[in-house]
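A, B, ... follow the sequence lines: proteins, then strands. Residue 1 opens every chain.
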2 protein chains.
Amino acid sequence: MAVIPKGEGRHHHGALRRALLDAVGEIVREAGPEAVTLRECARRAGVSHSAAAPHFGDKRGLLTAFVTEGEARLAAAMRAEVAALPTEADAAARLAATGRGYIGFARANPAHFRLMFRTDLIDRGDPAWRAAAEDGFAVLDQAMAEAVPGMDPRSRRARLALAWSTVHGFSTLRAEGVGELWQETVARDVVDLVVAACVGGDGFGGELVAPPPQPSPAQRGRESEE
Amino acid sequence: MAVIPKGEGRHHHGALRRALLDAVGEIVREAGPEAVTLRECARRAGVSHSAAAPHFGDKRGLLTAFVTEGEARLAAAMRAEVAALPTEADAAARLAATGRGYIGFARANPAHFRLMFRTDLIDRGDPAWRAAAEDGFAVLDQAMAEAVPGMDPRSRRARLALAWSTVHGFSTLRAEGVGELWQETVARDVVDLVVAACVGGDGFGGELVAPPPQPSPAQRGRESEE
DNA sequence: CGGAAAACTTGACAACGGTCAGTTTCGCGC
DNA sequence: GCGCGAAACTGACCGTTGTCAAGTTTTCCG
């Protein structure tokens, strides 16, 4: 049944690897990341409950392979949003487009996005995942580099952290359903604001000076969990 | 053994409710949110695994009660950071302090913080949790209101979403251990940048105009998960 | 064509969350 | 001071999960 892509087709089933990954996607879409079950995936793929082991090792392996594809699609979404820009768009507009791509991917695939940052469920040592994640980061990193050329390292670092934090926080809070201020128009405004904050001025905190980083008295309080 | 806080002590154990919540805290601190197990909590409290039912109903109830305390502590951390400011601090400085309080709490209690946003594990309909969460949000909301008085609703909304997204994204990415640019000095710079972006200018996106919110062609792509 | 390797199945195991009938303990009215 | 209703708590059971060990089937390749 169907062509075997050489070295992948075995036994009566064929492309089980693909079928299992698709099953994960289905379950994630229907019932969220926490509903993904090795046995349910096998059930949907029509195989026995431990058929995934030869392909993925354990549950972590399966989920890691799944989110690796998600990481690639996230990077592609950011690049696509930039590519959709008119040719005369400047670096700031491209940075904004990258941010919209990030947020847009999370909006279109909330459960997948949520799973991508469940570090307890995936193996961050996996080389394929690591490569995909670094590629995604590179998209944002490069967009920032082009938007603020020649900026000193500390300011660039701060702006990179700011941009990533903002789009990630927005996406997370929306995907998690916390509060109600995450409409699409707000998303665009937030991206515009953060881009303006990045490209405007070349200090690291505008007119606010950063005092030496001694811990504030309030922070040393009774909280010290780990 | 120990004094009974009236109406709470029963059987041979006494304040089981408190003991179970503390056990959750221990486990979360030692092994992360995903390691929390009803049976292990009961084990540490020295009771049988179904002893939690009368107090919390089910696992969700226990975790919800736990994160409700976390929500209160988060609000307290933000308020404490503001209170530690010199009296002559202006509204912008207080907004920044609030942000540092948010990030500081997440830094001091990363696992607790992570659990607080695991919407699959907690019951967001719980009245106590809802009240605590709204109180925490009110801290940020009020700090923003004082920092940008008389701003039009759309711009205020955008700035509120920006500020929350930023501190939350920063905290999440650091707690989740994604990437390596989340040092304390970067945290301060990011907060300063975002506060400057909020108080500076009264448009919603600085010099960037917001085009009508039609979906960009790149966004309508092949992604449509849910 | 035959043996080795890989894919897949089957069955077992410990641990989990939830439920239930029963037992123990407490608060409180008498 | 004493029972008695109510609540806390126990222990056993069920269905489900992830992982493992062993066996079976299929495919590849010499």
Side-chain angles (χ1 to χ4, degrees), chain A residues 1-24 26-28 30-67 115 118 120-123, chain B residues 1-24 27-28 30-66 115 118 120-123:
Chain A
M1 44 191 78
V3 295
I4 306 302
K6 178 195 169 112
E8 182 126 20
R10 291 293 154 79
H11 219 182
H12 73 287
H13 193 281
L16 178 57
R17 181 184 171 89
R18 186 70 262 152
L20 285 171
L21 287 172
D22 291 346
V24 174
E26 259 186 49
I27 302 172
V28 162
E30 293 170 5
E34 53 281 352
V36 176
T37 275
L38 221 40
R39 288 172 121 101
E40 178 63 21
C41 293
R43 229 168 273 141
R44 300 204 182 197
V47 293
S48 134
H49 68 272
S50 34
H55 292 284
F56 299 101
D58 57 356
K59 188 179 181 182
R60 275 176 106 86
L62 172 58
L63 284 259
T64 301
F66 179 72
V67 300
L115 181 53
R118 285 289 301 276
D120 54 311
L121 294 182
I122 70 173
D123 173 19
Chain B
M1 47 193 79
V3 297
I4 306 302
K6 178 192 165 104
E8 182 127 21
R10 291 293 154 79
H11 221 185
H12 72 285
H13 192 283
L16 177 57
R17 182 185 169 88
R18 187 69 261 152
L20 285 171
L21 287 172
D22 291 345
V24 174
I27 301 172
V28 161
E30 293 170 4
E34 55 281 352
V36 176
T37 277
L38 219 40
R39 290 172 121 97
E40 178 63 19
C41 293
R43 227 169 276 140
R44 300 202 182 200
V47 294
S48 124
H49 74 275
S50 35
H55 292 285
F56 300 101
D58 57 357
K59 188 181 180 181
R60 273 176 107 86
L62 173 58
L63 277 304
T64 301
F66 179 72
L115 180 53
R118 283 290 301 277
D120 55 311
L121 294 182
I122 70 174
D123 173 19

Tell me every residue that passes side chain to side chain donor-acceptor pair (under 3.5 Å) with [X], counting only those two or more places apart in sequence or in another chain.
X        : answer
B:Arg43  : B:Glu40
A:Asp58  : none
B:Asp120 : B:Arg118

B:Thr37 or A:Pro54: which one's nearest nucleotide on DNA chain C is closer to the 5' end?
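Here A:Pro54 is the residue nearer the 5' end.
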
Roughly, in whole Å, what's the span from [atom1] in [X] to [atom2] in [N]?
X        : N      : atom1 : atom2 : result
A:Leu63  : D:dT17 : CG    : P     : 14 Å
A:Glu34  : C:dG17 : CD    : P     : 15 Å
B:Ile27  : C:dG17 : CD1   : C1'   : 14 Å
B:Arg60  : C:dT19 : CZ    : P     : 13 Å
B:Asp120 : C:dG17 : CG    : C1'   : 15 Å
A:Phe56  : C:dA6  : CZ    : C1'   : 16 Å
B:Leu62  : C:dG18 : CG    : C1'   : 14 Å
B:Leu38  : C:dT19 : CG    : P     : 11 Å

Using the salt bridge (charged side-chain N to carboxylate O under 4.0 Å, His left out) criterion, which residues pair with A:Asp123? Sequence neighbours excluded.
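Listed in chain order: nothing, the list is empty.
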
Only counting residues at least two apart or in another chain, list the ones meeting side-chain contact (heavy atoms from CB on, under 4.5 Å) with A:Ala45.
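Partners of A:Ala45 under the side-chain contact (heavy atoms from CB on, under 4.5 Å) test: A:Leu16, A:Ala19, A:Leu20, A:Val47.
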
On a heavy-atom basis, which atom in A:Arg17 and which in A:His55 lie closest, and how many Å separate them?
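Taking A:Arg17 first and A:His55 second, the nearest heavy atoms are NH1-O, 3.9 Å.
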
Short question: side chain of B:Arg44, backbone of B:Ala23 - any donor-acceptor pair under 3.5 Å?
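Looks like no, no N/O pair under 3.5 Å.
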
Which nucleotide, C:dC8, D:dT19, D:dA8, lies nearest any side-chain atom of A:Asp58?
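Of the candidates, D:dT19 comes closest.
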
Would you mind classifying the nucleic acid contact of B:Arg43 as base, sugar-phosphate or nothing, using non-hydrogen atoms under 4.0 angstrom?
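Contact class for B:Arg43: sugar-phosphate only.
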
I'd like a table of atom pairs between the protein and nucleotides 12-15 of chain D - only N or O on both sides, under 3.5 Å - with the distance next to each one.
residue, atom, partner, partner atom, Å
D:dA12, N6, B:His49, NE2, 3.2

